[in-house]
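Beneath this line is the structure, given in structure tokens, with notes to follow.
Whatever order the structure lists ligands and atoms in, that order sets their numbers, starting from 1.
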Amino acid sequence: MGAMETSSSSPGLQSPPELAILESRVLIIMTGGTICMQPSPHGFIPARGFQQNCMARVPCFNDGSAPAELDVVTKGGRDITPHPSLRTPVTTYGRQVRYTVYEFEELLDSSSINAKGWAEIAQTIFQNYTFFDGFVVLHGTDSLAYSCSALSFMLQNLGKPVVLTGSQAPMLELQNDATDNLLGSLVVAGHFMIPEVCLYFNNKLFRGNRTTKVAASDFSAFDAPNCPPLAVTTSMRTNVNWDMVHRPTTLEHFRIQTNLDTAHVACLRIFPGIKPEMVDAVLKLDALRGLVLETFGAGNAPSGQDNAMINVLAAAIRRGIVIVNVTQCSVSPVYATGMSLSRAGVVAGLDMTTEAALTKLAYLLALPDSTPESVAKNMSVSLRGELTESSLPVFRHPDGALPERVQTLTAMGYAIAQGDLERVQTILKTEHHWLLNDADYSGNTPIHLAATSPAISILHFLLSHGGSVHLRNRNGRTPLFLAANAGLSEHVMLLRKSGAHLHSDERPAAELLARRRPGVWGLAGIDPREKSQREMDEDDQSAGRSRTLLAGSAP
Ligand code: ASN
């Protein structure tokens, strides 16, 4: 696949142009937790000033370049406040991560977080979505798995990485796990297009809604019992298992749902000898709308000769309560006891964790127009990769890298350039989904190439199969920039519809180009007449840099 912006050049025959070091922007949202704690007479409590007191002093978080402030949208979208930013040294991937820490007004021990706190995190990400490439959420570990699960459902059509992390020992302690966890999370959020809510801990990146806390002080505090890690950091590299990455396939903008119905759900652990009357008492609680039942093994519960337990459950389901069955393992009704639960109408939660089942139930119950039937149906369906639908074939390459990677990418590049949709579809069979967000030598992904393909149907097809609109090529360009630069209004509109926006680094160049072609750049989100003072200041600061980038991009 050749570079899109230097169309006159023949790929592979020239030495690469001198490029500025690409910088990713990450917003770190501090909610509290041990990572920022300091001792007090009453035990450890969260402390403010994390960026200045902790991160600024550590060389791996601060290259000393003292970059300009970054804007952060706060207070429900009402205020835009400039925040001091820092920059990491250049990573092994040849990038720098520029970040700022936004601290919540009240920093919490995570045992006190609730649906309101989750909504605040979701809103902060939503309001700052177009300003940053990725998000890191610092959070206590006690309820971290719940928060990951809740956010995974609340963030809809997510197209950028959101990485939650925390630590077992405060960052200010000499021997801590905070530095590694935070650095690993920043690297993931600033380098890898994993558009999921993830949890990074002890060198592993998990799908957030698959996790559970397994240790109170060990650095290996989390596990995902039914789902291998999405990535593992070994020595200097983070190896991503791209086949597992979940990507949005809707051509819709990122949006959030902030209300979860946590007030009307409960969880009950079944134990040997539990009385049906006890279960009945819980099911008759006023206002209960959903119950997660933690059962045994393959989803089994005690069954008396008189069927009393099943009768209690079936009666509650008839009253409109949704009951979901989860276990320490995975629900697969093969035993008579488990099968009778299913027959009574208890939903099989398959291999969901309790954390995922509870938050998903609260999310579904709060959806507009939800009914017990629609909630029950969706509880067994994978919405964000939180469960393995037994019918879905799971493909995993033994070492995560396909030997024919380059050939496949090249073939894909030619098919896109020729507008051959059928060929693109053939190449992108299930086993090649990894290549959606993979890039050629110039950093162009198939979406970059499709952004200027003669067949817009290819762009549509790739987007609806999970291609990311946010990745930037080695010149720092998004697919939207390339489409606008090529004057392709329809491509621009389709990309915008799918949530694409110009990166802040692209805006100065885009504004200059928009003076010549206001129409198509207007569709891409640039109005050359409306330049804010902030943008003009930014132009001044980055004038040298944008000139370098423009040199390789003018048509
Ligand atoms: N109690 C702390 C919290 O969850 C535990 C931690 O972060 N390690 O906020």
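- Set against the non-hydrogen atoms of Gly140, the atoms of ligand 1 under 4.0 Å away are 3 (C), 4 (O), 7 (O), 9 (O).
- The shortest distance between side-chain heavy atoms of Thr295 and Leu341 falls below 4.5 Å.
- Annotation: atom 9 (O) of ligand 1 to nearest protein heavy atom, Ser110 N, 2.7 Å.
- Under the 30°/60° scheme for interplanar angles, the aromatic rings of Phe135 and Tyr129 are found to lie parallel.
- Although no hydrogens or angles enter the test, the distance criterion places a donor-acceptor pair under 3.5 Å between the side chain of Ser185 and the main chain of Asn181.
- In this structure a side-chain-to-backbone donor-acceptor pair under 3.5 Å is present from Asn114 to Gly117.
- Taking a cut-off of under 4.0 Å to the non-hydrogen atoms of Gly33, the atoms of ligand 1 that pass are 9 (O).
- Interface of Gln168 with ligand 1, defined as ligand atoms under 4.0 Å from a residue heavy atom, comprises 8 (N).
- Residue contacts with ligand 1 for Ser167 involve N, CA, C or O but no side-chain atom from C-beta outward (heavy atoms, distance under 4.0 Å).
- Two rings, from Tyr102 and Phe50, have their centers 6.0 Å or more apart.
- Using a 4.0 Å cut-off between a side-chain N of Lys or Arg and a carboxylate O of Asp or Glu, Arg472 and Asp133 qualify as a salt bridge.
- Residue contacts with ligand 1: Asp142 is placed with a nitrogen or oxygen under 3.5 Å of a nitrogen or oxygen of the ligand (distance criterion only).
- At the shortest separation from atom 6 (C) of ligand 1 among protein heavy atoms lies Thr34 OG1, 2.7 Å.
- The residue from Ile35, Leu108, Asp109, Thr141 that puts a heavy atom closest to atom 8 (N) of ligand 1 is Thr141.
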